[in-house]
Every structure is written in structure tokens, then in C-alpha cells.
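One structure is given here, and the rest of the page talks about it.
Computed from a predicted model, the values in this text were never measured in an experiment.
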Amino acid sequence: MTGFDYATAFTRTLGWVTAQESVRLRQARVAIAGLGGVGGSHLLTLTRLGLGQFSLADFDRYELHNFNRQAGAYLDTVGQHKLDVMARMARGINPELDLRLFPAGVTTDNLVQFLDDVDVYVDGIDYFAFDIRRAIFAACRQRGIPAITAAPLGMGAALLVFTPGGMSFDDYFQLHGQSPTEQALRFLVGLAPSLLHASYLVDPTQVRFGEQAGPSTPMACELCAGIAATETLKLLLGRGPVRAAPHGLHFDAYRGKLARTWRPGGNRNPLQRLLLNLARRRLQAKPQPPSE
């Protein structure tokens, strides 16, 4: 077995980053909460980029319905903890990784420890986990940590970056005090104001906010990982433009389109309020399955 050598393992990154920047990536710590669809891909992509330290949280185990999109989902990992599997996979790339593991997931009790010494937070928790997501983004802002969310939508990815000096997550999405269904709608419309993915949803019956379920693709998760890792690199190395919220980015591979959005006021923006009203009407209408 060939021994591991960091410089050799990640030498092909040089050219896109300098040798000095590679050292910075190796010394940086990224926190990822949730290691499922996007979170697992985030971890492996950032590990292959040469990141050397992670704080990782997930309480869930793999099930068969994870197979269509989750990096660690295999027949021989069904029933295993996602955190253990993904940590093992990441260490298979770089056995020198410094990993802090949180098997209970992120809670209000361990949030401070989870974000300790963290340079960038990358969101990977379940779409519908709004309370803890709000708490994490608020804590990042308080501690001066940039926070990234990349949403897998259809066959594309929608990106928002929240910087400590910019618009906050809560101010942008306006989730506080809303019902679970309304929070889900506001999160969706806020993530992707361009709604590039909406035109090719062939079976709306599969979007079930009441059951906290919806369709997904592996392409979207991989696109999210690539986009989020690129923003992480720019934040850590201090180069390249970072367009923070209320600016957003949505790339849809199915439609071959890229949309750059700007929503001052977030979901209070008049265009957002219009989109939310349209989304509410569509949700209230009885969806019809596709014709045979």
C-alpha cells in the first residue's frame, strides 16, 4: 500500500491555487451540518480540494430511499450512521484529516462547540429543519463566520452566501412565526427567485410539504457541491467575487440557464411577495398526476 503524502495527493490543484494557498486550505476548518444529499457531496468535494479540518454533524442512518442522491448510500451502509460512513470515506481520501464529529447532530446545546474555530459554514441539513437552520445561521453571523447554502433544485443548484456584514438569513427569508408549510414556501422561493426548475416538474404530486418530502436528483447534489466548494475557496483565500445575499445564483443544467438574482428585502421584496402568492395558489390547487 502506498503511503499518504498530502503534497502529492493534491498536487494537481496547484495552478488553480498557489502553493501558499494550498497551505491555507489545509489549515482551514469548515463546518458541515447534515451529511445526506448535499452534505456528503460537500464533504468529499472539499476534502479533494485539500481542506484539512472539518466539524461534521449528523444523527441519521442510511436507508434505501437515500440511494438516488447520497454519496455514502450503498447496500452495505444501509442502517449505518451517515456521520461514521462519511467520515470514513473522507479519511479514505486524506487520512490526516482533523475531524470533530457530532453524532447527535447540531443542537442548541452543542452549537457553540460545533462552530468553534470554524472559518466557513456549509449548510447540509434537511430542507425542513428550519428551527435549527435559523439558529446555526444566526450563530454564524454572531461569530463572524460566512455561511453558505446551496439548494439542489430539479437538475440544478441555487446558491446564497450570508456574510457577517451583509443581510442576515432571518432578514432575507422571513421565516419567524410562520407555519411549517409557509416556511417551506418562503425557503424555496427565497432560495431560487428565478424558479428555473419549475417548468420541468413532470409530477407535482411528488411535492408533499405536509409530509416533508419532495423529489431529488443526484445531478443537483453534485452541482451544489461544486458551487459551494468554489465559494468556500474564495472566502478562505480572499480572492474572487463573493456576491452575498440578497444576491443569489441559480444554475439549471436541464435548461442550460444561469440566473443571477437580486432581491433587496429578501422575501419582503414585491417580486418575492408575488411569487409567494403564486406558490400558495399552486399548493392549494389539487395537483394532477402526469397522463399515461
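Looking only at distances, a side-chain donor or acceptor of S179 sits under 3.5 Å from a matching main-chain atom of E182. Distance alone, capped at 3.5 Å, places no donor-acceptor pair between the T261 side chain and the S194 backbone. No donor-acceptor pair under 3.5 Å is formed between the side chain of D171 and the backbone N or O of S168. Between the Y127 side chain and the A184 main chain, a donor and an acceptor come within less than 3.5 Å of each other. In this structure, Q206 contributes its side chain and V202 its backbone to no donor-acceptor pair below 3.5 Å. Between the side chain of Y172 and the backbone N or O of G190 there is at least one donor-acceptor pair closer than 3.5 Å. Judged purely by atom type and a 3.5 angstrom limit, D58 uses its side chain to pair as donor or acceptor with the backbone of L35. The backbone N or O of H176 lies less than 3.5 Å from no partner atom in the side chain of D170, so there is not a single donor-acceptor pair.
Partner of N267 under the side chain to side chain donor-acceptor pair (under 3.5 Å) criterion, chosen from Q178, R186, Q272: Q272.
Taking both residues in full, the closest heavy atoms of A220 and G154 are given as CB-O, 3.5 Å, listed atom of the first, atom of the second, then distance. Between A150 and A228, the shortest heavy-atom distance links the atoms CB-CB, 4.2 Å. Of all non-hydrogen atoms in R141 and T163, the two that sit nearest each other are NH1-O, 3.5 Å. Here the closest heavy-atom approach between residue P180 and residue F130 is recorded as O-CE1, 4.1 Å. In terms of heavy-atom proximity, L111 sits nearest to V106 at CD1-CG1, 3.7 Å. Here the shortest heavy-atom pairing between V17 and E21 reads CA-OE1, 3.3 Å.
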Discussion item. Is there a side chain to side chain contact (heavy atoms under 4.5 Å, CB included) between V78 and F67? Walk through the geometry before answering.
Written reply: CA-CA 10 Å; V78 170; F67 276 35; 3.7 Å; yes
Item to complete: Determine, step by step, whether L196 and F251 satisfy the side chain to side chain contact (heavy atoms under 4.5 Å, CB included) criterion, reporting the C-alpha distance in whole Å, the side-chain angles of both residues, the deciding distance to 0.1 Å, and the verdict.
Response: CA-CA 8 Å; L196 292 179; F251 172 68; over 6 Å; no
Practice prompt. Carefully, step by step, assess V85 and Y74 under the rule side chain to side chain contact (heavy atoms under 4.5 Å, CB included).
Written response: CA-CA 10 Å; V85 172; Y74 296 89; 5.9 Å; no
Fill in: Full working for side chain to side chain contact (heavy atoms under 4.5 Å, CB included) between N66 and R69
CA-CA 6 Å; N66 300 144; R69 69 200 183 282; 3.9 Å; yes
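Within the model, atoms CZ of F128 and CZ of R133 stand 10.0 Å from one another, a figure rounded to the nearest 0.5 Å. For the atom pair CZ (R91) and CG (L97), the distance works out to 7.0 Å, reported to the nearest 0.5 Å. Here the CG-CZ distance, from D123 to F162, works out to 10.0 Å after rounding to the nearest 0.5 Å. Distance check, rounded to the nearest 0.5 Å: OH of Y6 to CZ of R26 gives 6.0 Å. Taking CD of Q142 as the start and SG of C140 as the end, the distance is 10.5 Å to the nearest 0.5 Å. Once rounded to the nearest 0.5 Å, the distance linking CG of L25 with CG of L236 reads 6.5 Å.
A salt bridge does not link R29 with D116: none of the charged nitrogens is closer than 4.0 Å to a carboxylate oxygen. The pair D117-R100 meets the salt-bridge criterion, since a charged nitrogen lies less than 4.0 angstrom from a carboxylate oxygen. The pair D119-R24 meets the salt-bridge criterion, with a side-chain N (NZ, NE, NH1 or NH2) lying under 4.0 Å from an Asp/Glu carboxylate O.
By the 4.5 Å heavy-atom criterion applied to side chains, N68 and S216 are counted as neighbours. Looking only at side-chain heavy atoms (C-beta outward), T232 and L49 stay at 4.5 Å or farther from each other.
For D84, the side chain to side chain contact (heavy atoms under 4.5 Å, CB included) partners at least two apart in sequence or on another chain are H81. For K257, there are no salt bridge (charged side-chain N to carboxylate O under 4.0 Å, His left out) partners at least two apart in sequence or on another chain.
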Less than 3.5 Å apart, which donor and acceptor atoms pair up between the side chains of residues 38-46 and the rest of the protein, not counting sequence neighbours?
from	atom 1	to	atom 2	distance (Å)
S41	OG	E222	OE2	2.9
T45	OG1	S41	O	2.9

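Linking Ile, Leu, Val, Met, Phe, Trp and Tyr whenever their side-chain heavy atoms come within less than 4.5 Å leaves Y254 and L201 in two separate clusters. Residues V242 and L258 are members of one and the same hydrophobic cluster, defined by side-chain heavy-atom contacts under 4.5 angstrom among Ile, Leu, Val, Met, Phe, Trp and Tyr. In the hydrophobic cluster analysis, where Ile, Leu, Val, Met, Phe, Trp and Tyr join through side-chain heavy atoms closer than 4.5 angstrom, L14 is grouped apart from V23. Hydrophobic clustering (ILVMFWY, side-chain heavy atoms < 4.5 Å, transitive): L233 and F54 are in one cluster. By the criterion of side-chain heavy atoms lying less than 4.5 angstrom apart, applied directly or through intervening Ile, Leu, Val, Met, Phe, Trp or Tyr residues, M155 is not grouped with L249; the two fall into different hydrophobic clusters.
Within the 6.0 Å centre-distance limit, the rings of F137 and Y121 are counted as a close aromatic pair.
Y200 OH: more than 12 foreign heavy atoms inside a 6.0 Å radius. Heavy atoms from other residues, nucleotides or ligands lying under 6.0 Å from CZ of R260 number 12 at most. Around atom CZ of R134, more than 12 heavy atoms belonging to other residues, nucleotides or ligands sit under 6.0 Å away.
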